[in-house]
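This report refers to the structure that appears directly beneath it.
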Amino acid sequence: MATIEHWIDGELTAGSGDRRGRVYNPATGQQQHEVVLASEADVDAAVTAARIAFQTWSQASLSKRTKIMFNFRELVNANVKQIAEIISDEHGKVLSDAAGEVQRGLEVIEFACGIPQMLKGEYSDQASTDVDVFSFREPLGVCAGITPFNFPAMVPMWMYPVAIACGNTFVLKPSERDPSASNFIAGLFKQAGLPDGVFNVVHGDKVAVDALLHHGDVAAVSFVGSTPIARYIHEQANSHGKRVQALGGAKNHAIILPDADLDFAAGHLTAAAFGSAGERCMAISAAVAVGAAGDALVDLVSRKAGDVVVGSGRDPKSEMGPVVTAAAKQRIEGLIDSGERQGAKVTVDGRGLRVPGYEEGFFVGPTVIDQVAPSMDVYTEEIFGPVLSVVRADTVDAAIDLINSNPYGNGTAIFTNSGEAARRFQRGVRVGMIGINVPIPVPMAYYSFGGWKASLFGDKHIHGPEGVSFYTRGKVVTSRWPHVSTASDASLHFPTAS
């Protein structure tokens, strides 16, 4: 059985730790690899390599950095198929979905290729007599990324391309459930010409996470995951003097008004709820049917959910694969059970699904639950599975109030043909990312991604302009080069422009 090792200072290493984790193929339910789990010493080795590499990488010209980033972009683009296969085998998502994930990550790499434009400073000539003022931004040092299982390529790419292009070095701690993609991509970075030590990968669990959070040479930490862990990451990183952005969980709603094209809305809700088996932080898990839209919407969504083809991620006919682990399957089915016990109506039931030839796989079929109340566990919990809860509301304002009362504020959407209702919605909801007839409003890479409320801890959203700001800090220089014969005398008075 293959062992997945760390990538430290430009090469694979088993490190000093003796603990190992299991990596499964979710479609078969069988272990396919083991992964080394980092000790504190392994994390220290990665951070040390990054700290040493920072001394030269931070001084590399913008031309050199962008050349390497363009090389990296071409290598990732040439290997999309192989990366997608690696993701499918360890995460379970279908190949087309995995390839789409890599493509969205590529968009951030492309944004990072334009870093010279993003790092242009400002200059004020003759701000005072013979005095000029200018500003520029510098990298922070060693940055760390702690990323989830659901997007093993894309979410890390939200972080390290921008960080590295800005002149930082990086230590990535990906999910130990699907770690192989990060090692493969590290090899591509080396092929692109990135110096050893600039990008490192350590695999592990809480031991590795805490070692990064407590390490004195780590300047900044980026995280994507559940809200309880995001809160922990934020508190620990802050207490150790680090800059931190921690993206937490979500409960994403879509409001459907009676004037919407219900067939269009139902099709997009089906894709948004069940794509990637619902294991997306931007998945729509709650449909809020307003007024007369309710019954017709439930009928349409239920019919479309029943048509989704579930199977192995490697099967080109599959539209949805398994969930990531047996524990995830058990948890999701338990929440469906609780909804039924608490009075909701299961109109499409994905529990107990068995896929021929993959009977031991971690499959949960698309599930639609109607008549869900906000007090039910199936509504209050972030399910992270292929479950769509339908909540009823009398008016669009009541639906907006429902969204605003939820502790999360990641993404939300509205389906309507009314510009007035859409504008009222976009201004009224307290959510970071909003879609109008777009169910998963993930912004393009040249915007920044991030929610509000319990979906984000920290001041900066991820990637885009805010990502550049997060991974750099500003300097302002006030300079004067006087001619000796005209130099003014110094004064003890408070300096003013003249």
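No experiment lies behind these values; they were computed from the predicted model shown.
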Using 30° and 60° as the class limits, which term best fits the ring planes of Phe449 and His463: parallel, tilted or perpendicular? tilted
Please walk me through it: do Lys93 and Asp178 pass salt bridge (Lys or Arg N to Asp or Glu O under 4.0 Å)? CA-CA 12 Å; Lys93 64 178 65 176; Asp178 45 11; over 6 Å; no
Evaluate the side-chain proximity of Cys113 to Thr66: yes if any heavy-atom separation is below 4.5 Å, no if none is. no
Side chain to side chain contact (heavy atoms under 4.5 Å, CB included) assessment of Trp452 paired with Val431: CA-CA 6 Å; Trp452 290 10; Val431 175; 5.9 Å; no
From Phe170, Phe184, Trp7, Tyr160, residue fulfilling ring-ring contact (aromatic ring centres under 6.0 Å, His included) relative to Phe189: Tyr160
Take atom CG in Asp337; do more than 12 heavy atoms of anything else shown fall under 6.0 Å from it? yes
Would you call Lys190 and Phe199 a side-chain contact if the rule is heavy atoms closer than 4.5 Å? no
If you define the side chain from C-beta out and look only at heavy atoms, does anything of Lys173 sit under 4.5 Å from Val43? no
Gln191 atom CD: more than 12 heavy-atom contacts under 6.0 Å: yes
Decide if atom CD of Glu40 counts as having more than 12 heavy atoms of other residues, nucleotides or ligands within a radius under 6.0 Å. no
Any chance CZ of Arg19 has more than 12 other-residue heavy atoms, nucleotides or ligands included, within less than 6.0 Å? yes
For the residue pair Asp210 and Gln236, confirm or rule out a side-chain donor-acceptor distance under 3.5 Å. no
Kindly say whether the aromatic ring centers of Tyr408 and His253 come within a distance under 6.0 Å. no
Taking atom types as modelled, find out whether Glu5 and Thr13 have a side-chain donor-acceptor pair closer than 3.5 angstrom. no
Donor-acceptor check, side chain of Asp42 to backbone of Ser39, threshold 3.5 angstrom: yes or no? yes
Intermediate values then yes/no, side chain to side chain contact (heavy atoms under 4.5 Å, CB included), Phe274 and Val310: CA-CA 10 Å; Phe274 308 130; Val310 182; over 6 Å; no
Are there more than 12 heavy atoms of other residues, nucleotides or ligands under 6.0 Å from atom CD of Glu360? no
Does Phe136 reach the side chain of Leu119, with side-chain heavy atoms less than 4.5 Å apart? no
Step through it carefully: locate the ring centre of Phe111, locate the ring centre of Tyr446, and say whether they are under 6.0 Å apart. no
Counting only heavy atoms not in Lys67, do more than 12 fall under 6.0 Å of its NZ? no
Do Arg51 and Thr48 touch side chain to side chain, with heavy atoms closer than 4.5 Å? yes
Run the numbers on Arg231 and Glu235 for salt bridge (Lys or Arg N to Asp or Glu O under 4.0 Å), then give the verdict. CA-CA 6 Å; Arg231 183 178 287 110; Glu235 291 171 352; 5.0 Å; no
Give the minimum heavy-atom separation between Thr227 and Ala454, together with the two atoms involved. OG1-O, 2.8 Å
